[in-house]
Amino acid sequence: MEKNVRLLNGTYTTKEGKNNGVKLELFGKTEDGKSITIVEKNFDPYFKIVEPPKSLINNISRDGEVKNISDETLWVTGKIRECKRVTIKHPWKVPEYKKRLSDRCQILDADIPFVLRFIYDNNIDSCFKVKGKEIKNHDYTTDLAIEAKEFGECENFFPTLKVMSFDMEKSIENDEIYVISAHVREEETLKVKSFKGKDKGLIEDFVEFINDEDPDVITGYNINGYDLPELEERAEQLNVSLNICRNHDTMRQRNKRDYQIKGRMIADAWWAVKSEMDLKRETLNHVAKELFGKEKLDVDPSNIDQEWKENRERVIEYCEKDAELAGDVLEELGVLQKAMDLGTVSMLPVDECLNPRTSVLIDSLFIREAIDKDIGVLQNNYQGGEDSDQVKGGFVYQPDPGIHKMIPILDFKSMYPSEIMKNNICLTTLASIDDTLPYEGKIESPVGAKFYSKDQREGILPDLLEELMEKRDETKAKRDNADDPKEADYYDRLQAAIKVVMNSFYGVFASSFYRFTNKDIGESITAFARESIKEVIKELEDEGYEVVYSDTDSVFFKSPHENDLEKTIELGKEVAEKISGEYMILELEKIADPFYSHGKKKRYIGRIVWPEEDRMVKGYETRRSDSFEAQNEAMKQVFQEVLNENQQGAVDAAREYIENVKNGNIDLKKLIISISCKKFSEYKKPEQMAQVQAAKKMMKKGYEFTPGQRVSWIVTNSTKTPQEVEPWIEYEEFEHEPDWEYYANRIAKTLARLTKTFGWDQDALMMGTDQQTLF
DNA sequence: TGCCCTCGGGG
DNA sequence: GTGTACGAGGGCA
């Protein structure tokens, strides 16, 4: 059998026999839309050791676990060194050897997940051709299974993935699961099914359903944080196996945060929302409204037990709707497509690209190069969680406080990658660690690190980046020349994926623990970058322009054409081109009119007038959790005035709002603070927590409270410690006096960030008079 | 100012 | 699974 496959994920098992029974299982989707398991039995785990003492080799060669020891000559941190490749029987023994041997000699290649090791070593791409013997009567849930003989190349393709989205309604009071609804789709809806009844049978039916349907992807809203852990716990209680993996293994918790279902991918729609959208609130309801303009069914989930008693049918309908909605969200955000695109660029299984760890993206490209060039792959060295090794970041210019007219914003195209290419930065070109090649002294970073120039030695890192950058330009050109909109869309997604990979180089190389970097490299990159942006600022100033702000790779300056957008666009483009160098390319990104900051770094707002009308708000928005609506409302009103370039109006709006709050002249609903409350005993200092106080007072009034429920309250006296709050109960009159002063103060604090520049700080806003009048 | 604690999503 | 990683915001010292 021969098949073209897109790789989804992989695992290994030891089912067959005791020794030598390690087999890899790769799960994928064929070009003709079949799910497939690829079994590989002939790959052994290994690691490498650098210049080991003879005694050590003697020692481990007698080890029953060790299968083979062979010679290798590798470039390791600046030297050609004699190394040994130690092949062993079991992948999970590698960490053991790492620990045992690491104080006697340097260990290489010992922290690469086994499946990835295999695909790197065999240069397997995200899509590949596999030849082998079909396994008839296999026990996998996939359509096909094959014993791999040979791997080859094939064109990229994008199979339609089968997605099962599900939702579970469960009692808050006890452990009972009321209903699980599943929604299966490929391109269109295939099946909707709800599971009810006794929990044991319910879960068993659900498991059977999953294995029968055999979805590639399992999704839902916050399933990693709620549905899956709850399901797991209940299944354990009832002694039901959640054997929903494609090889019939049990679903397991991978980290604290997510789960693993072998052969299937878990794509939590909430996580997708977090990374793809910028929302203040991320409830499914809000997201649905934002994406589709529709509200979901009105069932109060914090009161699910009541709802279930009163109207089962409605709860079931609600559950089905939510299951479908989560799938819709995933689809709308193009999550799977993006993961496949990223897989295409990074040569990784789709699963690795759903919530990619940037270091894995880079590893995939870099390690393949290292194998090719006989370079030793060092290990990541996370030394504790210390961030003392944090590399100094970008340069941030203290913004010029006030309202500014017509501000072109220039930014460097892929700044960090460009610096790396320009200065040939790589572990393999770092001259200070290398004694095989004399240094010519051409490239020295501002922190004193020395790099070989390109003609002396080409770095892998700049090479990879150059390739990516070229590919991106090519892809963009293809996009622009495509006649078919579908084709154009494909190329656009691909270039976006390339950008993601290129940018992830920065994060990884700015850290000091990534395997292919070190402090000198990280610091050199950012130092070169700071130098470049400062040069731009200087050049602008020398030309007579006034720079008002700059952050890392962008510069904001004043256009002399305060009221002429056309001229400003022209000027911006002209200036950008003039200052650009061969590698460091500046572009006119957008134009703000007006631009405002109160003088604090990373806090500014602006109205974007080019290339599209937009609003730009950085660092000012109050986000979620214990904020209350009045804060947002007041902020919005003041924003509006500032963007209308009306200073006085902004101050007046702020004063008026605060005055109203002080006088109790505001809708009480806008003061409600609402947070969920755990079991009281789970808090370190429960008596200090406002939510505990509110919950207790609710119970006293005879209302139900179950741990985990959301509670709402209004602050009535903040001068006490802890502050005094009273619960807000819907449909009941609030018979306490809010602490108006407290609310006015919090609003003033928020607003003062904006009005400070106009001479109005928090206290001034509270008093209603500015400093000048005061003194 | 800096440390410690908590939340979010879900029911 | 050849592991180790959330990030923002408020309260309190």
Side-chain angles (χ1 to χ4, degrees), chain A residues 10-13 45-47 88 90-99 107-118 167-179 220-230 252 254-257 260 262 268-271 273-275 279-287 299-305 307-308 315 318-319 322 326 355 357-359 377 379-385 387 507 511 513 619 621-627 673-678 682-685 688-691 706-710 718 721-723 746 749:
Chain A
T11 182
Y12 65 87
T13 60
Y46 65 87
F47 58 91
I88 62 173
H90 304 104
W92 62 89
K93 295 268 189 190
V94 172
E96 234 173 273
Y97 280 87
K98 187 163 78 180
K99 243 189 220 152
I107 316 281
L108 304 174
D109 287 86
D111 64 350
I112 301 163
F114 195 44
V115 171
L116 296 181
R117 174 85 270 170
F118 176 72
D167 185 34
M168 173 169 87
E169 310 300 328
K170 179 183 165 291
S171 166
I172 300 179
E173 287 166 2
N174 56 55
D175 296 324
E176 193 185 342
I177 294 173
Y178 291 140
V179 53
Y221 208 74
N222 191 22
I223 49 173
N224 276 321
Y226 182 75
D227 303 67
L228 292 176
E230 290 290 339
R252 314 177 7 175
R254 181 155 43 193
N255 299 313
K256 270 234 160 74
R257 301 169 54 75
Q260 181 196 39
K262 291 170 184 174
D268 194 318
W270 181 39
W271 291 19
V273 164
K274 274 175 179 303
S275 61
L279 296 176
K280 276 208 202 98
R281 285 194 72 75
E282 290 159 345
T283 60
L284 186 49
N285 206 10
H286 272 258
V287 173
V299 169
D300 175 12
S302 67
N303 205 7
I304 193 74
D305 294 294
E307 300 269 11
W308 184 250
V315 172
Y318 167 82
C319 188
D322 269 13
N355 305 106
R357 311 240 61 244
T358 45
S359 62
V377 176
Q379 303 189 70
N380 292 326
N381 55 339
Y382 318 93
Q383 276 147 2
D387 51 11
S511 70
F513 50 73
E621 303 257 49
T622 358
R623 291 178 69 89
R624 47 179 93 112
S625 111
D626 89 331
S627 64
I673 297 170
S674 173
I675 300 182
S676 65
C677 183
K678 297 188 285 188
E682 283 175 33
Y683 291 102
K684 296 229 159 124
K685 295 175 183 168
Q688 278 197 11
M689 307 302 296
Q691 57 265 58
T706 334
Q709 196 179 315
R710 257 184 113 86
S718 70
T721 311
Q723 56 180 207
R746 271 193 69 176
K749 190 176 169 187

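First the proteins, then the strands, lettered A, B, ... as listed; each starts at 1.
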Measure from the side chain of [X], starting at C-beta and using heavy atoms only, and say which of [options] lies closest.
X         : options                  : value
Gln691(A) : dG10(B), dG11(C), dC7(B) : dC7(B)
Glu169(A) : dG11(C), dG1(C), dG11(B) : dG11(B)
Ile304(A) : dG3(C), dC12(C), dG11(B) : dG11(B)
Arg254(A) : dG11(B), dG8(B), dG1(C)  : dG1(C)
Asp111(A) : dG1(C), dT2(C), dG3(C)   : dG3(C)
Arg746(A) : dG11(B), dG11(C), dG1(C) : dG11(C)
Tyr683(A) : dT6(B), dG3(C), dG10(B)  : dT6(B)
Pro95(A)  : dG1(C), dT2(C), dT6(B)   : dT2(C)

To the nearest angstrom, how far is [X] atom [atom1] from [N] atom [atom2]?
X         : N       : atom1 : atom2 : answer
Gln688(A) : dC12(C) : CD    : C1'   : 8 Å
Ile675(A) : dT6(B)  : CD1   : P     : 11 Å
Gln379(A) : dT4(C)  : CD    : P     : 12 Å
Met168(A) : dG9(B)  : CE    : P     : 19 Å
Ile88(A)  : dT2(C)  : CD1   : C1'   : 8 Å
Arg257(A) : dG10(B) : CZ    : C1'   : 14 Å
Lys93(A)  : dG3(C)  : NZ    : C1'   : 18 Å
Ile177(A) : dG10(B) : CD1   : P     : 18 Å

Exercise for the section: Considering only atom P, compute the distance from dG1(C) to dA5(C) and round it to an integer number of Å. Expected result: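 The answer is 11 Å between these two P atoms.
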
Practice task
Could you work out the separation of dG10(C) and dG9(B) based on their P atoms and round it to a whole Å?
Solution key: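 My reading of the P atoms in dG10(C) and dG9(B) gives 15 Å.
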
Return yes if some donor-acceptor pair links the side-chain N/O of [X] with the main-chain N/O of [Y] below 3.5 Å, else return no.
X         : Y         : answer
Asp111(A) : Asn380(A) : yes
Gln379(A) : Ile107(A) : yes
Asp268(A) : Asn222(A) : yes
Asp300(A) : Glu307(A) : no

Practice task
Using a 4.0 Å heavy-atom cut-off across all strands, classify Asp268(A) as base, sugar-phosphate, or nothing.
Solution key: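 If one applies the 4.0 Å heavy-atom cut-off, Asp268(A) turns out to touch nothing in the nucleic acid.
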
Practice task
Tell me what Pro91(A) touches on the nucleic acid: a base, only sugar-phosphate, or nothing, going by heavy atoms under 4.0 Å.
Solution key: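 Counting heavy atoms under 4.0 Å across all strands, the contact made by Pro91(A) includes a base.
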
Handout entry: Lys/Arg N to Asp/Glu carboxylate O, Lys170(A) vs Glu176(A), below 4.0 Å
Key =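 Salt bridge between Lys170(A) and Glu176(A), a charged N being under 4.0 Å from a carboxylate O: no.
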
Problem - Salt bridge flag under 4.0 Å for residues Arg117(A) and Asp109(A) - result: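 Salt bridge flag = yes for Asp109(A) with Arg117(A).
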
Report yes if at least one side-chain N or O of [X] is closer than 4.0 Å to OP1 or OP2 of [N]; otherwise report no.
X         : N       : result
Arg357(A) : dA5(C)  : no
Thr283(A) : dG10(B) : no
Lys678(A) : dC7(B)  : yes

Handout entry: side-chain contact (heavy atoms from CB on, under 4.5 Å) between Tyr97(A) and Ile88(A), worked out
Key = CA-CA 10 Å; Tyr97(A) 280 87; Ile88(A) 62 173; 4.3 Å; yes

Are there any protein N/O atoms within less than 3.5 Å of an N/O atom in nucleotides 1-3 of chain B, and if so, which ones and at what distance?
none

Practice task
Take the angle between the ring planes of Trp308(A) and Tyr178(A) and call it parallel below 30°, perpendicular above 60°, tilted in between.
Solution key: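 Plane angle under 30°, so parallel.
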
Practice task
Examine Lys98(A) relative to Phe47(A) and say whether NZ or CZ is less than 6.0 Å from the centre of the six-membered ring and inside a 45° cone about the ring axis.
Solution key: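 So Lys98(A) doesn't make the cation-pi contact.
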
Handout entry: Spacing of CG belonging to Asp175(A) relative to CD1 belonging to Ile172(A), to within rounding of 0.5 Å
Key =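 Here the rounded value is 12.5 Å.
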
Exercise for the section: Tell me which residues in residues 220-229 of chain A put a heavy atom below 4.0 Å from DNA chain B, sorted by number, or none. Expected result: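 Heavy-atom cutoff 4.0 Å gives Tyr221(A), Asn222(A), Gly225(A), Tyr226(A).
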
Problem - For Pro91(A) against Pro45(A), the heavy-atom pair lying closest together - result: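 Minimum heavy-atom contact is N-CG, 3.5 Å.
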
